[in-house]
Amino acid sequence: MSKKPIIGITGAYVKHNDYMEGVYVHHDYHKSVAVNGGIPIILPYINPEIALETLELCDGIILSGGEDVDPELYDQDPHQELGPTTPERDLAEIAMAKYALDNNIPLLAICRGVQILNVALGGTLIQDIPSQVPASIQHAQKIDRSLDTHWVSIAKDSKLFDIISSERVRVNSLHHQAIGQVSSELRVVAQSSDGIVEAVEYIHPTTFTLGVQWHPESMASTNTKMNQMFTEFIKSCSKVTV
Ligand code: MN
């Protein structure tokens, strides 16, 4: 008998007004998980200890998009264009990223998630692409998040290439930060034409470990290649019991 894998999706922070603030996840994440046979649950951030206890309930984890990462965590002062940060979320997600890698829990890191993954493993970030990367292309697209706006080139001998089956793919782009110095434990497997890191993989993979700077969850319903990322991820999370 098999059971559906439980996929934890880390929550972002949204303040609606003085009376309403808290965890938020774009519904495209839950939909992409459910369509591909997983049970999505949203993980609130409280502290690293509780983060690891909630992760224990999960067969796989998605580090989702959201706020800028606190630059103190990679030993930098804040750039003028740094956006709002949520240090409690940063610390909870860094703990979960490390735990997932150490315990062979499948990990899909999306947008901010790939940045957290890099910081968790000792890398740094570009705090604001438009002001820090000369001649960069537009990474904060002005059209609907489901639409692709730029190309990325994919390394041929990568898990990502196995999924996408192409050396180039069109992606959406909703970020103003990006990976700076790449962790020695990660390998760059996709880049945009301006050299921005668009995907990384763990150099010691024992299970599915992929981070992408774009938002496949918002393309998956209309794009089979992007949906395939969730299919492969959730397949790797499946535990078959007899
Ligand atoms: Mn981009």
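Below, all heavy atoms of this structure are taken into account, side chains as well, without hydrogens, waters or symmetry copies. We're numbering straight along the sequence, starting at 1. Start at 1 and go down the list; that is how both ligands and their atoms are numbered.
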What pairs with Asp157 under salt bridge (charged side-chain N to carboxylate O under 4.0 Å, His left out), at least two apart in sequence or on another chain?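 In terms of salt bridge (charged side-chain N to carboxylate O under 4.0 Å, His left out), with neighbours along the sequence ignored, Asp157 is linked to Arg187.
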
Problem - Proximal heteroatom of Glu198 relative to the Mn ion (ligand 1) (N/O/S) - result: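 Going by distance to the Mn ion (ligand 1), the closest N, O or S atom in Glu198 is OE2.
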
Name of whichever N/O/S atom of His150 is nearest to the Mn ion (ligand 1)
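Sorting the N, O and S atoms of His150 by distance to the Mn ion (ligand 1) puts NE2 first.
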
**Asked** Does the separation of the ring centres of His176 and His139 fall below 6.0 angstrom?
**Response**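 No, the ring centres sit 6.0 Å or more apart.
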
### Query
Where the Mn ion (ligand 1) is the corner point, what angle links NE2 of His175 with ND1 of His139, to 10°?
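The two atoms subtend 80° at the Mn ion (ligand 1).
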
Looking at the Mn ion (ligand 1), is there an N, O or S atom belonging to Ser173 that lies under 2.8 Å away from it?
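Coordinating: yes.
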
Check ion pair Asp90-Arg112 (N to O, under 4.0 angstrom) =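 So Asp90 pairs with Arg112 through a salt bridge.
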
Check your understanding: Measuring from Met96:CE to Arg89:CZ, what's the distance to the nearest 0.5 Å?
Key ->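 Output value for this atom pair is 8.5 Å.
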
